[in-house]
Each structure stands twice: as C-alpha cells, then as structure tokens.
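This report refers to the structure that appears directly beneath it.
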There are 2 protein chains.
Amino acid sequence: MPTISDVARAAGVSMSTVSYVLSGRRPISAETQARVKAAIAELGYHPHAGARALASSRTSVLALVVPLRVDVSVPVIMQFVTAVVTAARTYNHDVLLLTKDEGTAGLERVAGATMVDALILMDVERDDVRIPALGRLKQPSVLIGFPDDAAGIACVDLDFAATAAECLGHLAGHGHTRIALVGPSPAVYERGTTYASRFLGGFTEAAERLGLETVAHPCEPGVRGVRDCLAQIDAELPGVSALVVHNEEALPPLLEELRANGRRVPQDLSIVAVCPRDVAVGLPVRLTSADIPAHEVGTIAVETAMNLLDGRRTPGTRLVPPTIIERDSCATHHEEISASPG
Amino acid sequence: MPTISDVARAAGVSMSTVSYVLSGRRPISAETQARVKAAIAELGYHPHAGARALASSRTSVLALVVPLRVDVSVPVIMQFVTAVVTAARTYNHDVLLLTKDEGTAGLERVAGATMVDALILMDVERDDVRIPALGRLKQPSVLIGFPDDAAGIACVDLDFAATAAECLGHLAGHGHTRIALVGPSPAVYERGTTYASRFLGGFTEAAERLGLETVAHPCEPGVRGVRDCLAQIDAELPGVSALVVHNEEALPPLLEELRANGRRVPQDLSIVAVCPRDVAVGLPVRLTSADIPAHEVGTIAVETAMNLLDGRRTPGTRLVPPTIIERDSCATHHEEISASPG
DNA sequence: TTGAAAGCGCTACCAT
DNA sequence: ATGGTAGCGCTTTCAA
C-alpha cells in the first residue's frame, strides 16, 4: 500500500502538499495539483483512515443506532437506515451500525474509542436512559424521534401531531364526523416511544377543534387484536364511518377482517393510514395515507449531524410536516337520513 | 480524553505494560494487572481506535454490504444484518454498513483506506463484478450466497438445492405426486442471484428421483402475478395438490387468491413455503415452511471472516442444511378414485 | 515480568 | 504557493 510520502516523491512535492491537495485546505497551483492527482491515481493511493483519524481527530464515520426487534415495522427501519447511509455518503462519511440493545455501553464504546464523529439514534423513548449518556460524549448526536424533554437536543421526526390533525381534516373534508383511531399496539405506548402519544394528542385536539366524535384504541398485533379493536370501536362509536390507522402491521389483517365482514372500503368505511408509500400501495385496496417520510427524516438527521460537526448553529428540533397522499380508501360520507317509522 | 500514557502514569507502570494488559499478548503479574485495570476504570480510558489501527493494522471493524431495493424481502435482509452485527460484537468487532449500489468502488474505498479488517457481502450474483475486485483487496471477504464459480472464495448460504428436495420429500411423504413450484419473480432469475436456480435445480432433480409430476413457474409480484402464475400451473398440471412456494412476497396474495377461489389450505391444496419463521406464522394459515436461517448464516459468515483473519484454514464454502418446520398447511393427499360413468 | 523507544501514516502548524 | 516537521496514541520489537 502506497503512503502519502510515496505519492509526494512520485509527484516531486512534499507530503504536506499532497495532504493539502487532498483536503483543499490550502490553495495549490493547478499544475502541482495535476501532478499530485496523477501520482495518486497512478499509485492507487488511499489515505489510511486510522492515521488520518489520529492526526486530525476526524473519522468520517457516523454511528447509527437501530432498534432490533421492536414493534416498529422492519421495512420502515430499513428505509431510515438506507436514507442515513445514502445521505452520509454525500458528505463523504460512512456509517457504523450499532444495535439499540447494546444500550448506553455501545454509545460510550464507539464514542470513547473515537470511532465516529457523531451519532444518530433511532427509536428514542420518552425518558430514554441513553440521553444523559449522550451529553457526556465529546461527539454530537441527533435523535430520530423525540424524548419528553427535547431541550437542547437535536431531534428530527415527522410531526405526528400535525399528521393526526391532517388525517382528521382530510376525513372531515369528506363529510365524516364519526371517526375512530386504530393506534399502535399497547406495547408501543408502554415502551414510551413518544410518536404514539404525540399522534394521539394531535388526534384528540383536532377532533375537538373540528367538532368530531371520535374514539381511540390501541391495537394488538394479529387478526385477534384487529378483531377486538374493531369490536370495541363499533361498540363505543356506533355508525363510525372512517378509520385513521396508525399501525402498519395491523393494516393487512384489518382489511381482511373488514372484507370478511362485508364492510367495503371505502364505500362502507373510509380509511386513512399512516405508513410509507410502498405499504400503502401494496395492499388489496390502495390506501389514502399520511406518508412516513423516512428518507427525508434520515437525510435531515445526517445534515444536522454535519452542521453540528462544523460548529454551525442548527435548530434543535426539526418537525417534518405531514403529507397526505390520496388513493382509493376515502369516500365522501353522506349523512344517513334516519327513516322514522310509520 | 486520557491516553495510554496517562493510565501508565496513574498505575505506575510503562505504556507497554498497559498495552499488554489490554491485549493479553504477554504475561503480566496479577498485581500489576489489578493496578492497571483500576487506573483504566478510574480514568475512564478508551484506547483510540485510529491510533490502534495505525499501529497494529487492525481495525476491529467488519464491512457489511447490503442490497438496497432488490427483490429480496426486506425483513430477511434485516435479519442477516442483525445476525452479522450481533455475531461481530461477540468477537469485539463493529460493523460498517455499505450499500450494494456503491458497487466495487465502495469495497475499494473502505478496504483501501484500511477502515475494515474483512468484508461480508450479501446478495451475490452469478457472475458478480465485485468478485474480481475482492481478490485485489488486502482484506479477506466472505460471501453470503454463491456465485457461479465459488472456487477459492469463502461462501455461506442455505443449501437451496437440498431445501427444494426436502420440500418435495415432505410433500411426497404426505402422498402428493403432482406438485408445482411457485418461484421467485423473473427479475430474480435475470439478476442472476443463484439461490433461485440452485433451488430450481434441486427441485427438478428431486422431482425426477421421487417420480413426481411437477411444473415450475416464476411469479411476478402482486395479485396479478400470483393469479397468472396459478392459472398457468393449473393449465399445465391439472389436479395439482401441492405447492412449493419459494417467493415470500407472493405468499399473502397467494393465500388471498386461493381463498377467493374457494380452494382451502390445506384441504384442497397443501403448501410448503420457503421463508423465515416469523412470516410463516404471520399469515392467515400458519405455513409449513423450510426455514431461512438468516441468523445462522450471518453468524457463520462472521465466524468465517474471523478465521480468515486469524489465518486459520476454513472450508471454502459452507452450505447450511435445510430445516422443515411443520405447521398447518400440509395435509395428506388421498388419490382420487376416478368415478367411471355408467 | 517489565521498560524504552521506534515507528505506523497522516495533519497542521511554522516556516519561507 | 510550497516545504519541513512535530506530534496524534498506540503496538511491538529489542533489551533487561
């Protein structure tokens, strides 16, 4: 493996000149630059990452902490991951993958060893134990998701409260007034991932503001969970004409259950789902959905990390506004005229 | 951040002694060892990864190259990823995540910069362009999957040929003689991922050996693809009583289509699917399946990489034998007595 | 069983 | 616009 001094010799310049044409931190004449670049290409030179990290205290690596087996849908996680990796590459950074189950120790390990320049954490919980640890690291970090107290912490996420409001607004615009929320599994609430409560909060608030009659229920996974959830909704809100589904895993069994019961979507029941595009279009009925912008959120997380690294001031929190995409699961609701007997 | 010399001073020993208690490459008296460890804990010392890599030419990092948006099911990819990360951690290694779309350049970049000790590649193709490049790297690599010519290359994968044979054997054991293969989408064959053809080869060979009547069809994604595939199968193999499904994405629409046509599983049609456990049990009918042992394959890939790093001889290729898990989608087939008229 | 010190390959400061 | 060089923090010989 050639070193920087091999390149320098081949190009007839000093090591520092080679270093500077590589980093661009100093003006170099076009001619010298060409000679150095030719030598680099000729020799197939790659700067040694460790040496560079040692000398510069910069690794060009980002840590990404992903949840393993949570109730978060795996495809969504993967979308965040690919978004982060792709965005990181545009900044000439690589991504070191950590799993959440290593907990605080994992963060301290890679940060303490100076393996990474910054950290990005997914699946942040209400009172996440890792947050105090982050403050002790010398590297900056960015959260995907919001803890209860996000003060002074860089956070990025979809604006779930606004998303809930948009879903209700969309349905209200179609004449629906009795609307139920099929929420995430109770485990999600218990774990304390705040997107669930942020969505629920936005839902409740918007329902009141819009004068809607609503109920909200978490939904256990599987056919059984969906069935129970629907039964409770029907019992508590008779005449419900629309569902907001904030539970990706529940979508397939839910549609199946409705079909089995002869309730047509959207003729008998309208649905707005909160999910990524591809799951919305991959189901028997193409669902009108509030998009989960994994790509955008992941990209912003990386941008934020880069700003932090460059000492640039950045907004502490970034809430990505919702986008509703209309497809085939929402129909206009006409109030039924109650036929009085006689 | 404390350095090794801070630790040495605090413990009243030399730098090299600290280094050796950390690496265990030299006997150190219990007493000295205790003093050094105490100093390390006291100061919260973490060796600097870059400095270590520079001095030792070892990074304690593995590269893992994952496919992005292929026709491989995302949950399966994620299972491999978590298996590799988890296994790597047991060897005190971390994982740098690369995407396949960076191609050969990505491999050369991380290997050339000495960012990793070894590489693990998923989604290897028949005549993968990256393979010649791997030979030029100074780091060893392990493939998950098999190229056409696996000579001299470390490869790990499920034994798809044996898996196909097991599936047929299982169905034959239940009295089935007319069996169809619902294969991966044509795109998979075209891309040249060899697991598809290895499975098909094993299927054809076993069918002949067992004296079965079979047909095999690729299956395009979506409801439409499933419908077409079933139609062709019924046309070419009337009286088909069992399906081997080597196409995870096709499973949900396939079951739905059968249900819609009034064909009960397993009473009218038996099914053996090739898929991970969790998708087999997550469908309306709990499917008898040949497991995709992502965890085992990922773990073996890491072990192999470690062996290679330690200069240990390892078998070039590792084929993980199949496991059939019986669930509710296979029934015994009783040959219909053709009622002769009159 | 331990210490001393020579690099590993690069960056960035101090020069000119 | 370019060169010289002192470290960055560690591993690993060589010595004792």
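FYI, side chains are in, hydrogens and waters are out, and symmetry mates aren't considered; it's all heavy atoms of this structure. Letters A, B, ... mirror the listed sequences (proteins, then strands); counts begin at 1.
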* Any side-chain N or O of B/T3 under 4.0 Å from OP1/OP2 of D/dC8? -> no
* Could you give the OH-to-P distance, from B/Y45 to D/dG9, as a whole number of Å? -> 10 Å
* Asked: Counting N and O atoms only, with roles assigned by atom type, does the side chain of B/T299 sit under 3.5 Å from a partner on the main chain of B/H295, one being a donor and the other an acceptor?
  -> yes
* Within this structure, what is the CZ-to-P distance between B/R35 and C/dT1, rounded to whole angstrom? -> 15 Å
* Asked: When the distance from OH of A/Y20 to C1' of C/dC10 is rounded to whole Å, what number comes out?
  -> 11 Å
* To do: Return the value, rounded to whole Å, for the distance between atom CZ of A/R9 and atom P of C/dG9.
  => 12 Å
* Asked: Can a side chain N or O of B/S19 be found less than 4.0 Å away from OP1 or OP2 on D/dT11?
  -> yes
* Do B/S56 side-chain atoms and B/R52 backbone N/O form a donor-acceptor pair below 3.5 Å? -> yes
* Roughly, in whole Å, what's the span from CG in B/L54 to C1' in D/dC8? -> 9 Å
* Between B/Q33 (side chain) and B/V21 (backbone), is there a donor-acceptor pair under 3.5 Å? -> no
* Per the atom types in the model, does the base of C/dT1 pair as donor or acceptor with the side chain of B/R26 at under 3.5 Å? -> no
* With respect to the phosphate group of C/dT2, does any side-chain polar atom (N or O) of B/T32 fall under 4.0 Å of OP1 or OP2? -> yes
* Rounded distance (Å) that lies between atom P of D/dG9 and atom CZ of B/R52 -> 14 Å
* To do: Please test B/R198 against B/D159 for salt bridge (charged side-chain N to carboxylate O under 4.0 Å, His left out), starting from the C-alpha separation and ending with a verdict.
  => CA-CA 8 Å; B/R198 286 183 282 141; B/D159 187 339; over 6 Å; no
* Asked: Over how many whole Å does the gap from A/I4 atom CD1 to C/dA12 atom C1' extend?
  -> 11 Å
* Pairwise 5' ranking along DNA chain D for A/M15 and A/S29, keeping only the more 5' one -> A/S29
* To do: Go through the N and O atoms of the side chain of B/R25 and the base of D/dT11, and report whether any donor-acceptor pair is under 3.5 Å.
  => no
* Of A/S16 and B/I28, whose nearest nucleotide on DNA chain C comes first from the 5' end? -> B/I28
* Report the residue (B/G12 or A/L22) whose heavy-atom-nearest nucleotide on DNA chain C is the more 5′ of the two. => B/G12
* **D/dG3 OP1/OP2 closer than 4.0 Å to side-chain N/O of A/S14** => yes
* Please give, in whole Å, the distance from C/dC10 C1' to B/M115 CE? -> 15 Å
* Mark yes or no for whether B/D117, through its side chain, and B/T59, through its backbone, hold a donor-acceptor pair below 3.5 Å. => yes
